[in-house]
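Order of the sequence lines sets the chain letters (A, B, ...), proteins ahead of strands, with each chain counted from 1. No hydrogens, no waters, no symmetry mates; every other heavy atom, side chains included, goes into these values.
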Protein chains: 2
Amino acid sequence: MAISRKEEFPDNDLKLADWCKALSHPARIAILRTLADRGECICGDLVLDLPLAQSTVSQHLKALKEAKLIKGEIDGPRSKYCIDKKNFEKFLKSVGDFGIKTSNKIKEQDC
Amino acid sequence: MAISRKEEFPDNDLKLADWCKALSHPARIAILRTLADRGECICGDLVLDLPLAQSTVSQHLKALKEAKLIKGEIDGPRSKYCIDKKNFEKFLKSVGDFGIKTSNKIKEQDC
DNA sequence: CTTGCTTATCGTATTATTACGATATACGAT
DNA sequence: ATCGTATATCGTAATAATACGATAAGCAAG
């Protein structure tokens with residue numbers, strides 16, 4: 001990718017892009033859905049649900065955690081995950097605001 | 001990435017992931033913002049706004065077009081782009097529904 | 001038809017992502 | 001302490017994404 005130019009974009013756009021990147025794989029969408037359904041979940045259960053190896057699931061969980069969309073805590077020998085409600089709602093608001101601005105301006109389709 | 005397992009996920013999740021992927025780069029977020037502000041835009045103007053080469057901007061436009069978030073039409077020697085309102089709103093609804101389900105289930109933070 | 005302008009595509013280099021197996025770590029139970 | 005279970009991380013391979021310059025293609029004007 002040669003050299004990244006991402007730093008040259010405004011913080012707003014970087015942040016939204018980053019959240020979207022975290023959701024840019026169906027496994028991570030599925031994980032969030034499952035966490036929403038069950039409230040919380042241990043890693044092993046997610047591995048059973050997904051068509052992926054344990055190490056791969058662990059990687060996806062790490063990506064979601066780094067994007068602050070989920071939180072994890074250690075529960076004995078397991079890892080319990082749940083949605084990071086506060087940040088997840090920030091993401092929803094960010095997309096929502098983006099949508100409102102967009103929809104307001106485009107009443108009729110321009111092209 | 002070895003072999004992709006994406007086909008093994010439900011259509012819903014694939015679709016949402018695909019839209020999110022289209023928004024996973026700040027340049028593409030910026031392009032959508034600009035299109036929302038101005039209604040429509042020719043490629044050259046977007047190139048002036050972004051810290052990227054013309055060919056790179058063209059690539060990002062192609063990505064957004066393939067995700068059906070924008071539409072393009074030829075206008076003499078230029079290319080005019082605008083948001084594909086119908087599909088963009090499908091995306092917004094998809095994220096919104098996802099959010100509602102999530103927020104409803106998680107009244108109190110579990111972990 | 002040639003020139004100049006605009007945009008898309010091609011080729012290519014660099015970097016990031018995705019996936020897995022193997023291994024390391026951490027804990028509970030025996 | 002040892003064993004079994006659960007999870008994270010490392011190493012690595014394959015693939016995708018990002019960025020640019022160069023080039024091609026399309027149109028308008030002269």
Side-chain angles (χ1 to χ4, degrees), chain A residues 1-9 13-14 17-31 34-35 40-67 70-82 111, chain B residues 1-9 13-14 17-31 34-35 40-67 70-82 111:
Chain A
M1 153 215 311
I3 283 157
S4 173
R5 287 283 151 84
K6 287 192 181 167
E7 327 77 43
E8 302 176 37
F9 291 89
D13 292 352
L14 278 170
D18 217 53
W19 274 323
C20 287
K21 180 146 80 176
L23 297 181
S24 72
H25 193 289
R28 296 194 289 267
I29 300 273
I31 288 171
T34 303
L35 290 179
E40 63 185 40
C41 226
I42 62 166
C43 172
D45 291 338
L46 293 168
V47 172
L48 291 178
D49 281 351
L50 297 169
L52 296 169
Q54 178 269 323
S55 57
T56 307
V57 174
S58 208
Q59 257 182 111
H60 284 303
L61 286 167
K62 192 182 178 190
L64 285 168
K65 206 162 57 179
E66 279 171 356
I70 66 173
K71 296 193 284 188
E73 62 180 24
I74 299 168
D75 176 25
R78 350 228 142 156
S79 265
K80 203 167 60 180
Y81 287 96
C82 70
C111 71
Chain B
M1 152 218 308
I3 282 158
S4 173
R5 287 283 152 85
K6 287 191 182 169
E7 326 77 43
E8 303 176 36
F9 290 89
D13 292 353
L14 278 171
D18 216 53
W19 275 323
C20 287
K21 180 145 80 174
L23 297 182
S24 73
H25 193 288
R28 296 195 289 266
I29 300 273
I31 288 171
T34 303
L35 290 179
E40 64 186 37
C41 226
I42 63 167
C43 172
D45 290 339
L46 294 167
V47 173
L48 290 178
D49 281 351
L50 297 169
L52 296 170
Q54 177 268 324
S55 58
T56 307
V57 173
S58 208
Q59 259 182 113
H60 284 304
L61 286 167
K62 191 181 180 191
L64 285 168
K65 206 162 55 178
E66 280 172 354
I70 66 172
K71 296 193 286 187
E73 64 180 23
I74 299 167
D75 175 25
R78 351 226 141 160
S79 266
K80 205 166 61 180
Y81 288 96
C82 70
C111 69

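Across all strands shown, C:dT30 forms a Watson-Crick or G-U wobble pair with D:dA1, both key distances being under 3.5 Å.
For D:dA6, neither phosphate oxygen OP1 nor OP2 lies less than 4.0 angstrom from any side-chain nitrogen or oxygen of A:Tyr81. Between B:Arg5 and the phosphate of C:dC20, there is a side-chain N or O to OP1/OP2 separation shorter than 4.0 Å. Distances shown here put every side-chain N or O of A:His60 at or beyond 4.0 Å from the OP1 or OP2 atom of C:dT17. The phosphate of D:dA17 (OP1 or OP2) has a side-chain N or O of B:Lys21 nearer than 4.0 angstrom. One finds a side-chain N or O of A:Ser79 lying less than 4.0 angstrom from the OP1 or OP2 phosphate oxygen of D:dA8.
A donor-acceptor pair is defined here as one N or O able to donate and one able to accept, closer than 3.5 Å; such a pair exists between the side chain of B:Thr34 and the backbone of B:Ala30. A donor-acceptor distance shorter than 3.5 angstrom exists from the side chain of B:Ser24 to the backbone of B:Lys21, with no hydrogens or angles considered.
Annotation for A:Ser4 and A:Lys6: closest pair OG-N, 3.2 Å, computed over non-hydrogen atoms. Scanning all heavy atoms of the two residues, the minimum distance from B:Gly72 to B:Tyr81 falls at CA-CD2, 3.6 Å. The two residues B:His25 and A:Ala17 make their nearest non-hydrogen contact at C-CB, 3.7 Å.
For B:Gln59 against D:dA17, no side-chain N or O and base N or O form a donor-acceptor pair under 3.5 Å.
Within the 4.5 Å cutoff, no side-chain heavy atoms of A:His60 are placed close to those of A:Leu46.
If you measure from atom NZ of B:Lys6 to atom P of C:dT17, you get 12 Å, rounded to the nearest angstrom. Separating the CD atom of A:Glu66 from the P atom of C:dA16 is a distance of 13 Å, rounded to the nearest angstrom. B:Ile3 places its CD1 atom 11 Å from the P atom of D:dA16, with the value rounded to the nearest Å. A straight line from CD of B:Glu73 to P of C:dT6 spans 18 Å, rounded to a whole angstrom. Rounded to an integer number of Å, the gap from A:Glu7 CD to D:dA19 C1' is 12 Å. Following rounding to the nearest Å, B:Asp75 (CG) and C:dA8 (C1') show an atom-to-atom distance of 16 Å. We find that CG of B:Leu50 is positioned 10 Å from P of D:dA19, with the value rounded to whole Å. Residue B:Arg78 contributes atom CZ, which lies 10 Å from atom P of D:dA28 at whole-angstrom precision.
Toward the 5' end of DNA chain D, the nearer of the two residues B:Ala27 and A:Ile42, judged by each one's closest nucleotide, is A:Ile42.
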- Task: List the protein contact pattern of nucleotides 21-30 of chain C with one symbol per nucleotide (5' to 3'): B for base contact, S for sugar-phosphate-only contact, - for none; contact means a heavy-atom distance under 4.0 Å.
- Result: BB----SS--
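The side chain to side chain contact (heavy atoms under 4.5 Å, CB included) test applied to A:Pro51 returns B:Glu8, B:Phe9, not counting sequence neighbours.
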